[in-house]
2 protein chains.
Amino acid sequence: MMELTRKGEYAIRGIVYLAGKPLDKVCLLSDIAAAVDVPPTFLAKIFQQFSKIGLVRSFRGTGGGFMLGRAPENITLLEVVEAVEGPIIPNRCVCAPQDCDRSSFCNVHPIWKQVQEQVCGVLTGVTLKDLSDGKIKPQPTDLAK
Amino acid sequence: MMELTRKGEYAIRGIVYLAGKPLDKVCLLSDIAAAVDVPPTFLAKIFQQFSKIGLVRSFRGTGGGFMLGRAPENITLLEVVEAVEGPIIPNRCVCAPQDCDRSSFCNVHPIWKQVQEQVCGVLTGVTLKDLSDGKIKPQPTDLAK
DNA sequence: CCTAAAAGGATACATAATGTCTTTTTAGGG
DNA sequence: CCCTAAAAAGACATTATGTATCCTTTTAGG
Ligand code: SF4
Ligand code: SF4
C-alpha cells in the first residue's frame, strides 16, 4: 500500500533534473533520461503528460527538447506526483463516498480523509527548487508533546 | 498511488465488526462477512492472516469462529492495515536505500520518510475501540498558522 | 463417526504497471 | 523544397498485482 510507482519515481527524477537547469535551457529528452537513469521511451511518455498540463514546455523538431513550464519554486512535489499518479486517495471513499453504502455511518472514513490531508500537506510543502537546491524545508518535527 | 486495496478495506471492516462485539464472543466467519458485506471466502483468507499474528484468535470445528486477540483499545489501525497490506512504504528507498544508487545524494528521499511518518502517525492514533465506538479522537487540526 | 468450521493450497480472471516499437507531426537549416 | 532532428501519438508486449473462488485437509464437539 501507499507505494509510489516507477512512473512516479521517474517523473520526479526527470523534472527535478530540469529544475536544476537554467529556466530557459532546452534539454534533450535523451540527455535527461541518461542523467537520471530512466528508460528514455518511458520518460518520453511521462514528459508528454507533464507537457499537456503545462508543467513543462516542449519544443519539437531540430533543437527541440524540454524546459520547465514555471519557475521551480512555484511547482510543488504534490503537483508533480498527481500529474502522473492521479490524485492522492488513500481509500476510494475519500473522493467517492457515494460508492460505499456504509460511508454515512462509517467511522473509518474520516481517518482516510485525515491521511490524505497529511500526505498532501507534506508534498505541498516541497517545491522543485527545494529539491534541486538540496535545501529541504526545516521539517516541523511535529512532536505532539 | 496510495490506495488501500479491497483486501485492506475488507480487513478493517471485518475486524472493526469483531471489535464491536464482547471480547469473549466467538463469531462465525460467515456472519461477519454477511454483516460487513464482504465475500466470505476472501474474508477467510484475511482472517487467516490476522490469526497468524495473533490479531484475532480462531477456533476450529463445531462452535468455532473468531474473536479479537487483544482488547480493541490495544489494537491500532496501523497494525490492522500493515497486517494485510504490508508496511507503509511511500517509496521503496524508504526501507531499502541501498537499492537506489542515488539515495546518498537524493533530496527527495527524506520527503518519503516524512510522508511515512505522518501516515503511520495518523493510523497509530486510532484504535479499534475508537472505530467501533464512533468516538474518533479529536483531530489535532494542525493548522500551521 | 458425523458434522461444523477454520486452514491451506491451487487456480482463474481482471486490472494495472512497466516498458518497447512504429508511425506521425513539427520545426530548423541548407 | 527536402532532409534531418526531435517530440507526440498510438499500438503492442510482458509481467506483476489484485480479487476472488474452489477443493481438500485439519481440528473439534456431540
Ligand atoms: S466502509 Fe468506511 S472506510 Fe470503507 S470505503 Fe466505506 S466509508 Fe470508506
Ligand atoms: S532517487 Fe531518491 S527518492 Fe528516488 S528512489 Fe532513489 S533515493 Fe528514493
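Note that the structure is a prediction, hence the values are computed from the model and not measured. Just so we're on the same page: letters track the sequence lines, and every chain starts at 1.
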> Between atom CD1 in A:Ile46 and atom C1' in C:dG19, what is the gap in whole Å?
Replying inline: 10 Å
> With a 4.5 Å limit on heavy-atom distance, are the side chains of A:Met1 and B:Met1 in contact?
Replying inline: no
> Do B:Gln118 and B:Lys113 have side-chain atoms, one donor and one acceptor, less than 3.5 Å apart?
Replying inline: no
> What is the base-pairing partner of C:dC2, counting Watson-Crick and G-U wobble geometry with both distances under 3.5 Å?
Replying inline: D:dG29
> Minimum heavy-atom separation for A:Arg13 to B:Cys100, with atom names?
Replying inline: NH2-SG, 4.0 Å
> Applying salt bridge (charged side-chain N to carboxylate O under 4.0 Å, His left out), which residue pairs with at least one partner in residues 47-64 of chain A are found, sequence neighbours left out?
Replying inline: none
> Just by distance, with hydrogens left out, do A:Glu9 and B:Asn91 show a side-chain donor and acceptor under 3.5 Å apart?
Replying inline: yes
Below 3.5 Å is the cut-off: list the nitrogen or oxygen pairs between protein and nucleotides 20-22 of chain C, distance only.
from   : atom 1 : to      : atom 2 : distance (Å)
C:dT20 : OP2    : A:Thr41 : OG1    : 3.0

> Looking at A:Val122, A:Ile15, A:Thr127, A:Leu131, which one forms a side chain to side chain contact (heavy atoms under 4.5 Å, CB included) with A:Leu77?
Replying inline: A:Leu131
>> Counting C-beta onward and ignoring hydrogens, is there a side-chain heavy-atom pair between B:Ile89 and B:Trp112 closer than 4.5 Å?
In response: no
> Any side-chain heavy atom of B:Ser58 sitting closer than 4.5 Å to one from B:Ser51?
Replying inline: yes
> Checking side-chain contact (heavy atoms from CB on, under 4.5 Å) for the pair B:Met67/B:Leu23: CA distance, chi angles, key distance, verdict?
Replying inline: CA-CA 7 Å; B:Met67 61 170 62; B:Leu23 240 188; 6.0 Å; no
> Going by heavy atoms in the side chains, are A:Glu3 and B:Glu3 under 4.5 Å from each other?
Replying inline: no
> What integer distance in Å separates A:Asp37:CG from C:dT18:C1'?
Replying inline: 15 Å
> What parts of residues 4-14 of chain B reach DNA chain D, counting only heavy atoms under 4.0 Å away?
Replying inline: B:Thr5, B:Arg6, B:Lys7, B:Tyr10
> Taking CD from A:Gln48 and P from C:dG19, how many angstroms apart are they, rounded to a whole number?
Replying inline: 16 Å
>> Could you check whether any side-chain heavy atom of B:Val94 comes within less than 4.5 Å of a side-chain heavy atom of B:Ile88, counting everything from C-beta outward?
In response: no
>> Can you pull out the residues from residues 23-30 of chain B that lie within a 4.0 Å heavy-atom distance of DNA chain C?
In response: B:Leu28, B:Leu29
> At under 4.0 Å, does any side-chain N or O of A:Ser58 touch on OP1 or OP2 of D:dA8?
Replying inline: yes
Can you tabulate the close N/O pairs, meaning under 3.5 Å, that link protein atoms to atoms of nucleotides 12-14 of chain C?
none

> Can you tell me how far C1' of D:dA7 sits from CG of A:Asp31, to the nearest Å?
Replying inline: 14 Å
> For A:Arg92 and D:dG18, what is the distance between atoms CZ and P respectively, to the nearest whole Å?
Replying inline: 12 Å
> Considering all heavy atoms of both residues, which atom of B:Glu79 and which atom of B:Asn74 are nearest to each other, and what is their separation?
Replying inline: OE1-O, 3.6 Å
> Rounded to whole angstroms, how far apart are CG on B:Leu43 and P on C:dA5?
Replying inline: 15 Å
> In whole angstroms, how far is the C1' atom of D:dT19 from the CD atom of B:Gln49?
Replying inline: 13 Å
> So do A:Tyr10 and A:Val36 actually touch side chain to side chain, heavy atoms under 4.5 Å?
Replying inline: no
>> How would you summarise protein contacts on nucleotides 25-30 of chain D per nucleotide, using B for base, S for sugar-phosphate only and - for none, with heavy-atom distances below 4.0 Å?
In response: -BBBS-
>> Using side-chain heavy atoms (C-beta onward) and a distance below 4.5 Å, is B:Ile75 in contact with B:Val80?
In response: yes
> Nearest heavy-atom pair of B:Asp130 and B:Gly125: which atoms, and what distance?
Replying inline: OD2-O, 3.9 Å
> Have A:Gln98 and A:Ser103 got a donor and an acceptor in their side chains that come within less than 3.5 Å?
Replying inline: no
> Hey, does B:Phe66 reach any base, or is it just sugar-phosphate, or nothing, if we go heavy atoms under 4.0 Å?
Replying inline: sugar-phosphate
> How close or far is atom C1' of D:dA7 from atom CZ of A:Phe50, stated in whole angstroms?
Replying inline: 16 Å
